[in-house]
Amino acid sequence: MTRPTPEESARHAAGPAARAVERASAALGRLRRGRLLHPAGASFAAHVTIWGTPGPPVGVDLLDNPGEYAGTVRLSRGTPTPGGWPDVLGLALRVHSGAGHPFDLLVSSSGAPPVLRNLPLPRRGFSGTYSTIMGYRTDRRRLWLAALADPESVDLGRTLAAVTAAARADAPRLVLAVASAVGPWRPVGQVGIGVPLDARQDAALAFDPVRNLPAGLRAAGPLTWLREQTYRGSRRARGATVQSGGSTATTV
């Protein structure tokens with residue numbers, strides 16, 4: 001008898017509502033013939049430097065302790081609008097932490113102030129603030145993560161082609177930061193965007209923002225359930241499966 005995959009086991013354990021959302025997401029993904037969410041994007045090798053959390057630790061070793069990690073980053077447009085038009089932009093970062101599975105961080109274009117960091121905001125340029133919108137929870141507190149523009153880095157431009165050109169000409173950088181619901185952003189590290197990945201690699205790359213988290217961090221918020229089923233349906237439509245094995249895992 002064939003042993004069920006983790007995806008199949010999770011699907012069997014889900015209730016009727018979860019299965020309905022997953023099936024609907026899979027159907028939409030098949031109609032789109034690719035990613036259901038953020039279909040247009042460009043992926044790059046990345047180098048992640050964690051400086052450590054300034055001030056009180058947040059309770060997540062990956063963020064609190066200095067370290068150097070290989071990474072993968074994907075910048076994308078939320079909808080297929082023409083290049084340069086306002087859109088909800090996305091940034092997906094995979095940190096190959098070597099802890100049994102990667103850390104997948106998905107953030108959307110937003111505002112930096114507390115009142116705006118929970119809202120996805122359309123904008124034209126890829127340089128700017130990206131936040132987790134929904135946030136996370138640790139044993140100590142509610143936490144938001146962000147990728148902020150580095151004022152000393154080259155501008156990423158308004159199109160995916162411009163982002164790719166910037167990566168080839170220079171080494172663009174983004175600043176990783178943490179914050180509470182109302183507190184200021186505290187820089188904890190840096191992401192260096194490296195060589196572009198080819199179209200085949202970008203198409204195969206996938207992320208799981210709910211399950212691929214470091215120890216001490218868990219997804220929070222009322223839409224976490226919906227997000228998990230939607231991404232599972234997207235994986236199903238693409239034929240992608242959750243794999244153990246760290247940085248080589250393909251998940252969404």
Side-chain angles (χ1 to χ4, degrees), residues 38 40-55 58 62-63 66-79 81 83-95 103-136 143-197 202 207 209:
H38 289 262
S43 298
F44 307 84
H47 182 80
V48 181
T49 302
I50 300 297
W51 305 321
T53 308
V58 298
L62 183 66
L63 303 175
E68 302 273 342
Y69 306 97
T72 308
V73 64
R74 185 175 191 266
L75 287 148
S76 60
R77 303 182 64 81
T79 57
T81 56
W85 285 32
D87 198 350
V88 175
L89 306 177
L91 187 149
L93 171 66
R94 169 163 288 175
V95 181
F103 171 27
D104 288 347
L105 174 65
L106 272 64
V107 287
S108 300
S109 54
S110 65
V115 71
L116 297 178
R117 68 182 52 151
N118 300 325
L119 300 175
L121 299 177
R123 67 167 182 254
R124 295 179 184 273
F126 280 93
S127 291
T129 298
Y130 297 83
S131 99
T132 45
I133 306 298
M134 291 178 53
Y136 298 94
L143 187 70
W144 274 259
L145 303 179
L148 310 176
D150 186 332
E152 298 181 356
S153 175
V154 62
D155 187 85
L156 293 173
R158 293 187 174 186
T159 66
L160 291 168
V163 174
T164 301
R168 287 194 173 115
D170 203 341
R173 297 180 305 277
L174 300 163
V175 175
L176 294 176
V178 301
S180 64
V182 297
W185 291 113
R186 294 191 286 161
V188 298
Q190 179 178 273
V191 179
I193 300 176
V195 297
L197 304 184
D202 176 71
F207 302 86

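Computed over heavy atoms, backbone and side chain alike; hydrogens, waters and symmetry mates excluded.
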With sequence neighbours excluded, tell me which residues meet side-chain contact (heavy atoms from CB on, under 4.5 Å) with P187.
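With neighbours one apart ignored, the set is W51, V175.
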Check whether any side-chain heavy atom of [X] sits under 4.5 Å from a side-chain heavy atom of [Y], and report yes or no.
{"X": "V195", "Y": "F44", "value": "no"}
{"X": "L116", "Y": "T129", "value": "no"}
{"X": "L121", "Y": "R123", "value": "no"}

Specify the closest pair of heavy atoms between [X] and [Y], including all atoms of both residues, with the distance to one decimal.
{"X": "L89", "Y": "R77", "result": "CD2-NH1, 4.1 Å"}
{"X": "A162", "Y": "G157", "result": "CB-CA, 4.0 Å"}
{"X": "P54", "Y": "V188", "result": "CD-CG1, 4.1 Å"}
{"X": "S180", "Y": "R117", "result": "O-NH1, 2.7 Å"}
{"X": "G183", "Y": "P114", "result": "O-CG, 4.4 Å"}
{"X": "A166", "Y": "D155", "result": "CB-O, 3.9 Å"}

Ignoring hydrogens and angles, tell me if any N or O in the side chain of [X] forms a donor-acceptor pair with the backbone of [Y] under 3.5 Å.
{"X": "S153", "Y": "R173", "result": "yes"}
{"X": "S109", "Y": "V88", "result": "no"}
{"X": "S127", "Y": "L156", "result": "yes"}
{"X": "W185", "Y": "A146", "result": "no"}
{"X": "D170", "Y": "P172", "result": "no"}
{"X": "S131", "Y": "S110", "result": "no"}

Which distance, rounded to the nearest 0.5 Å, do you find between the [atom1] of [X] and the [atom2] of [Y]?
{"X": "R158", "Y": "D87", "atom1": "CZ", "atom2": "CG", "value": "13.5 Å"}
{"X": "S43", "Y": "L197", "atom1": "OG", "atom2": "CG", "value": "5.5 Å"}
{"X": "W144", "Y": "N118", "atom1": "CH2", "atom2": "CG", "value": "5.0 Å"}
{"X": "L106", "Y": "M134", "atom1": "CG", "atom2": "CE", "value": "12.0 Å"}

Test side chain to side chain contact (heavy atoms under 4.5 Å, CB included) on T49 and V191; report intermediate values, then the result.
CA-CA 6 Å; T49 302; V191 179; over 6 Å; no
Count the heavy atoms belonging to other residues, nucleotides or ligands that lie under 6.0 Å from CD of E68, then report whether that count exceeds 12.
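Atom CD in E68 is crowded, with more than 12 foreign heavy atoms closer than 6.0 Å.
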Assess the residue pair Q190 and L174 against the criterion (side chain to side chain contact (heavy atoms under 4.5 Å, CB included)); give the C-alpha distance rounded to whole Å, side-chain angles, the decisive distance to 0.1 Å, and a yes or no.
CA-CA 6 Å; Q190 179 178 273; L174 300 163; over 6 Å; no
Apply side chain to side chain contact (heavy atoms under 4.5 Å, CB included) to residues L145 and L176 and explain how you reach the verdict.
CA-CA 7 Å; L145 303 179; L176 294 176; over 6 Å; no
Which residue, L93, T164, I193, forms the side-chain contact (heavy atoms from CB on, under 4.5 Å) with L75?
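Result: among L93, T164, I193, I193 is the only option passing the side-chain contact (heavy atoms from CB on, under 4.5 Å) with L75.
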Among V73, T132, V95, find the one that has a side-chain contact (heavy atoms from CB on, under 4.5 Å) with L105.
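Among the candidates, only T132 passes.
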Should the pair R74 and F126 be classed as cation-pi, given the thresholds of under 6.0 Å to the six-membered ring centre and 45° from the axis?
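Verdict for F126: no cation-pi partner in R74.
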